[in-house]
Amino acid sequence: MKITSAEFIKSAVWPPQYPPGVLPEIAFAGRSNVGKSSLLNTLVGRKKLAKTSNTPGRTQLINFFTINEIISFVDLPGYGFAKVAQSVQKDWGDMIESYLRERQNLALVVFILDLRRDPSPDDLSLRDWLNTYRIPCLYILTKADKFSNNQAIARLRAVEHSLQLPAGIKPILFSAKTQKGKDVIWLAIENHLSLLENRQMIPT
Ligand code: GDP
């Protein structure tokens, strides 16, 4: 997709603070430091739309953006940063689960995992919430540039196995460094949105 505009709308914590949900929304979720900001920035071709930093655990809000005036992007807070107190980690979990449960215009969750690491218990909780609330999901494995092609495929299989993904659901390999996977991710997002649009046009 050619990006003509990418606008920050607002930050929120709880549903009453969310902006009106009028556009189809794509939410980006993953553990702290996974490369979520880098992925968002790569997709929209902006260096600093989402803040990238080497200090994990900073982003504690849900950030809403409008892309090309037709899609909403949401940056969910990164979870599972060990140095954050348990009570704060629980707030983050509640914040993310409320969002997934309440947001009516949520069209797709982009679930980001680090290709180098096995899914954490927090990742598995997120996967379970997505299943519970029947939210469509695109799995992205970041930092693919850290591996050769063969190693990357072997890691992809291992992560796939730990996540117990249903047959036919394939994670996409991505690198913010080389931009590998960027076009495939946009294609998957656009395909999903046009599927939704077509479904809404079919009378029931
Ligand atoms: P966030 O906390 O999930 O938003 O993660 P960031 O996007 O801030 O990235 C965390 C760290 O990982 C930073 O040092 C990034 O430069 C690095 N990083 C992110 N994506 C990639 C990638 O695809 N390849 C490599 N090699 N490093 C990455």
Side-chain angles (χ1 to χ4, degrees), residues 3 6 8-13 25-65 67 72-85 88-89 91-93 95-97 99-100 108-127 129-130 137-156 158-160 163 170-189:
I3 305 300
F8 171 70
I9 303 299
K10 74 177 290 196
S11 298
V13 176
E25 196 154 277
I26 318 271
F28 293 76
R31 64 188 292 166
S32 186
N33 216 33
V34 71
K36 178 160 54 66
S37 310
S38 305
L39 169 65
L40 267 158
N41 290 337
T42 303
L43 288 179
V44 297
R46 302 281 193 279
K47 281 209 174 99
K48 287 187 186 158
L49 185 78
K51 285 179 201 133
T52 51
S53 82
N54 287 319
T55 317
R58 277 256 192 85
T59 326
Q60 300 176 27
L61 300 166
I62 302 178
N63 293 312
F64 293 82
F65 303 87
I67 309 300
S72 169
F73 268 14
V74 167
D75 187 5
L76 292 171
Y79 49 78
F81 180 48
K83 285 188 190 157
V84 171
V88 177
Q89 298 218 17
D91 282 351
W92 289 358
M95 211 192 294
I96 294 169
E97 194 189 358
Y99 171 83
L100 297 175
L108 181 72
V109 167
V110 177
F111 188 160
I112 308 148
L113 296 119
D114 188 326
L115 186 60
R116 298 171 302 176
R117 308 175 72 157
D118 289 326
S120 68
D122 290 318
D123 290 322
L124 298 178
S125 300
L126 176 61
R127 179 206 57 190
W129 288 332
L130 293 167
C137 182
L138 195 61
Y139 292 88
I140 308 296
L141 301 180
T142 55
K143 310 194 185 182
D145 55 273
K146 302 269 188 188
F147 294 95
S148 70
N149 280 348
N150 284 345
Q151 286 173 323
I153 303 275
R155 281 299 307 151
L156 183 143
V159 175
E160 232 172 21
L163 287 172
K170 285 272 161 248
I172 299 173
L173 291 173
F174 173 76
S175 164
K177 213 167 165 185
T178 64
Q179 306 230 327
K180 175 192 173 85
K182 176 183 171 181
D183 294 343
V184 182
I185 296 171
W186 264 122
L187 202 64
I189 291 176

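One-based numbering, in listed order, for ligands and for the atoms of each.
- Val74 has its side chain out of reach of Phe28: every pair of non-hydrogen atoms, C-beta onward, lies at least 4.5 Å apart.
- Residue contacts with ligand 1 for Thr142 are absent, since no atom lies close enough (heavy atoms, distance under 4.0 Å).
- For the atom pair CG of Leu49 and OG1 of Thr42, the computed distance is 11.0 Å after rounding to the nearest 0.5 Å.
- Asp123 and Ser120 are linked by a side-chain donor-acceptor pair at a separation below 3.5 angstrom, with hydrogens and angles left out of the test.
- The distance from ligand 1 to the heavy atoms of Lys177 drops below 4.0 Å at these ligand atoms: 23 (O), 26 (N).
- Atom CD1 of Ile112 is separated from atom CD1 of Ile172 by 11.5 Å, given to the nearest 0.5 angstrom.
- The 12-atom threshold is not exceeded at NZ of Lys177, counting heavy atoms of other residues, nucleotides or ligands nearer than 6.0 Å.
- Under a 4.0 Å N-O distance rule, the pair Lys180/Asp145 does not qualify as a salt bridge.
- Atoms of ligand 1 lying under 4.0 Å from at least one heavy atom of Asn33, given by number and element, are 1 (P), 2 (O), 3 (O), 5 (O), 10 (C), 11 (C).
- Considering both main-chain and side-chain atoms, Ala144 never comes within under 3.5 Å of ligand 1 through any nitrogen or oxygen pair.
- Within ligand 1, the atoms closer than 4.0 Å to a non-hydrogen atom of Gly35 are 1 (P), 3 (O), 5 (O), 6 (P), 7 (O), 9 (O), 19 (C), numbered from 1 in the order shown.
- Numbered from 1 in the order shown, with element, the atoms of ligand 1 that lie under 4.0 Å from a heavy atom of Asp145 read 22 (C), 23 (O), 24 (N), 25 (C), 26 (N).
- The shortest N or O to N or O distance between Ser32 and ligand 1 is not below 3.5 Å.
- Distances between N or O atoms of Ala176 and those of ligand 1 include at least one value under 3.5 Å.
- Applying the side chain to side chain donor-acceptor pair (under 3.5 Å) test to Asp114 and every residue at least two apart in sequence or in another chain returns Arg116.
- Proximity of Gly30 to ligand 1 is not established, as no heavy-atom distance is less than 4.0 Å.
- Of all the listed residues (Lys146, Lys36, Lys143), Lys143 holds the heavy atom that lies closest to atom 21 (C) of ligand 1.
- Using a 4.5 Å heavy-atom cutoff, the side chains of Asp75 and Lys36 are in contact.
- Taking only non-hydrogen atoms, the option from Ser38, Gly78, Ser175 nearest to atom 19 (C) of ligand 1 is Ser38.
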